[in-house]
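As the structure is a prediction and not an experimental result, all values here were calculated from the model.
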Amino acid sequence: MTDERLDQILKQALAPEISDREIRIHRRRKDKMKQIGRIGKVAAAVIVVALIGTLGLGYFNPVLAAKIPLIGKIFEKVEDNITYSGDYTDQGIVLTNEDSAGNLDTSEYSASDKGITLTASEVFCDGYSVFLTVNIEAEEADFTHIPEHYTGVNVAENRTAAGFYIDGTWSVDGSSPEWLDNTFEGEVIDSHTFAGMLKVNLAEKLAGSGQLSLNVSGFGYDDDRMLDSEEISASHRTDGSWNLVIPFEVNATDVKTIEVGEQKGNITLEDVVISPYQVIVHATTPGEQRELTDDRRQKLLSEDPDLTDAEMFEILGWSYEPCQTICFDQNGEMLYSDMEMPGRAGFAVQRKEIKTLYVYIFDNFDDWMQMEQEGMNSSAADRAIIFKEIQVE
């Protein structure tokens, strides 16, 4: 995608209007924020713009925060504003508890290095993703300048969360390690404390129980005081080693898989998964069916950790025919598009009760963009390669 096209998307998609200065800052940050190919295109633009703005963050008094038990209750703390928001009450397994004096009842799920302590709090798995809440403490840090990003479909919803970059690898039950390209998303509690959630998407559907191995090699966060610097992304970065093994149980009670199997042109809509916090659309194209093995993927990522799957296909000389997906519920409300990768498009439910799902799949980004801006009544709907109305209930 050209800089000019990205500028156009940024300027057209968001409110308030984006200044040329903000566009220039975004360009300087583009190497770090190569999320356009990994997460929803406009959602990524929203994140970029919100990160470079100061939205008036509010914090607890540090003294009071120390007296309020937080670890073991982070889902409750952040569930309203994170992208994958919803009611997590009685859903997650509590790993670590904290009393009013800040004492933990176990240190099994904590790791410390370079003055930073990472503590796992709760975990939930719907069989397709692992949702892990964590507490990050750093005595020498000042987290109060971490900017917030939008997490709702519309800026007017005023839903925002802070973000914490993370580097390293993860694996489940001894599988080949996958690179972490995720972000902890949550809330700054005080100058030394951040509470948030990490969502890890599993390569294959799981059942029963498992273990998530999290091997973190670096943390970083933005600073709203550095808007004029050449590189503000992860301007506060610490390299080290934080290793955790997290047990989890798959809770598929409210998870529905609806088989579709509809093919139009080169695209096949395989199925749709609806869980309490996400909708997953599985669709494949001929290019995506080429086998990009873990070993091959890791070799390419070792040379450039920011490569997207499309870029890997290009390097390998394989054909890659990407598609773009958009979903609406029975009320015509668009679902937040947070991730699209080969074979899988992810959407946040955000407390919506989905009875009917309307799925549109495009092979042209401009058509997808038009519909994202205009909604279900857009003329671009007629240009979708696949349209499917799915009854959920």
Partners of Asp329 by salt bridge (charged side-chain N to carboxylate O under 4.0 Å, His left out), sequence neighbours excluded? none

Going through the checks in order, is the side chain to side chain donor-acceptor pair (under 3.5 Å) test met by His145 and Asp223? CA-CA 5 Å; His145 290 280; Asp223 191 320; 4.5 Å; no

Do Asn81 and Glu187 have side-chain atoms, one donor and one acceptor, less than 3.5 Å apart? no

What about Tyr165 and Phe219, are their ring centers closer than 6.0 Å? no

Determine whether a donor-acceptor pair (N or O, by modelled atom type, separation under 3.5 Å) exists between the side chain of Gln350 and the backbone of Thr83. yes

Looking only at side chains, do Thr89 and Glu76 share a donor and an acceptor under 3.5 Å apart? no

For Thr257 and Tyr128, run side chain to side chain donor-acceptor pair (under 3.5 Å): C-alpha distance rounded to whole Å, both residues' side-chain angles, the deciding distance at 0.1 Å, then the answer. CA-CA 11 Å; Thr257 300; Tyr128 294 88; 3.2 Å; yes

Short question: side chain of Asp126, backbone of Ser129 - any donor-acceptor pair under 3.5 Å? yes

With ILVMFWY side chains joined below 4.5 Å, transitively, what does Val245's cluster contain besides itself? none

Counterpart residues, salt bridge (charged side-chain N to carboxylate O under 4.0 Å, His left out), relative to Glu137 (two or more places apart): none

Excluding sequence neighbours, so at least two apart, what forms ring pair (Phe, Tyr, Trp, His ring centres under 6.0 Å) with Tyr84? none

Please report the C-alpha distance between Ser121 and Glu98 in whole Å, then the side-chain angles of each, then the deciding distance to 0.1 Å, and finally whether the side chain to side chain donor-acceptor pair (under 3.5 Å) criterion is met. CA-CA 9 Å; Ser121 176; Glu98 178 184 19; over 6 Å; no

Of all pairs that satisfy ring pair (Phe, Tyr, Trp, His ring centres under 6.0 Å), the ones with a partner from residues 249-285, not counting sequence neighbours: Tyr88-Tyr277, Phe124-Tyr277, Phe131-Tyr277

Ring pair (Phe, Tyr, Trp, His ring centres under 6.0 Å): which pairs involve residues 166-207, sequence neighbours left out? Phe164-Phe194

Co-members of the apolar cluster containing Ile71 [side chain, <4.5 Å]: Leu104

Once side-chain contact (heavy atoms from CB on, under 4.5 Å) is applied, do any residues pair with Asp113, and if so which ones, sequence neighbours excluded? Ser241, Trp242

What residues form a salt bridge (charged side-chain N to carboxylate O under 4.0 Å, His left out) with Lys264, not counting sequence neighbours? Glu262

Testing the basics here: between Thr151 and Ile82, what is the closest heavy-atom pair and its distance to 0.1 Å? CB-C, 4.1 Å

Partners passing side-chain contact (heavy atoms from CB on, under 4.5 Å) against Ala195 (at least two apart in sequence or in another chain): Leu70, Ile74, Asn135, Ile189

Which residues pass the side-chain contact (heavy atoms from CB on, under 4.5 Å) test with Glu389, not counting sequence neighbours? Thr356, Tyr358, Phe387, Gln391

Those residues that, when tested against Asp105, pass salt bridge (charged side-chain N to carboxylate O under 4.0 Å, His left out) (two or more places apart): none

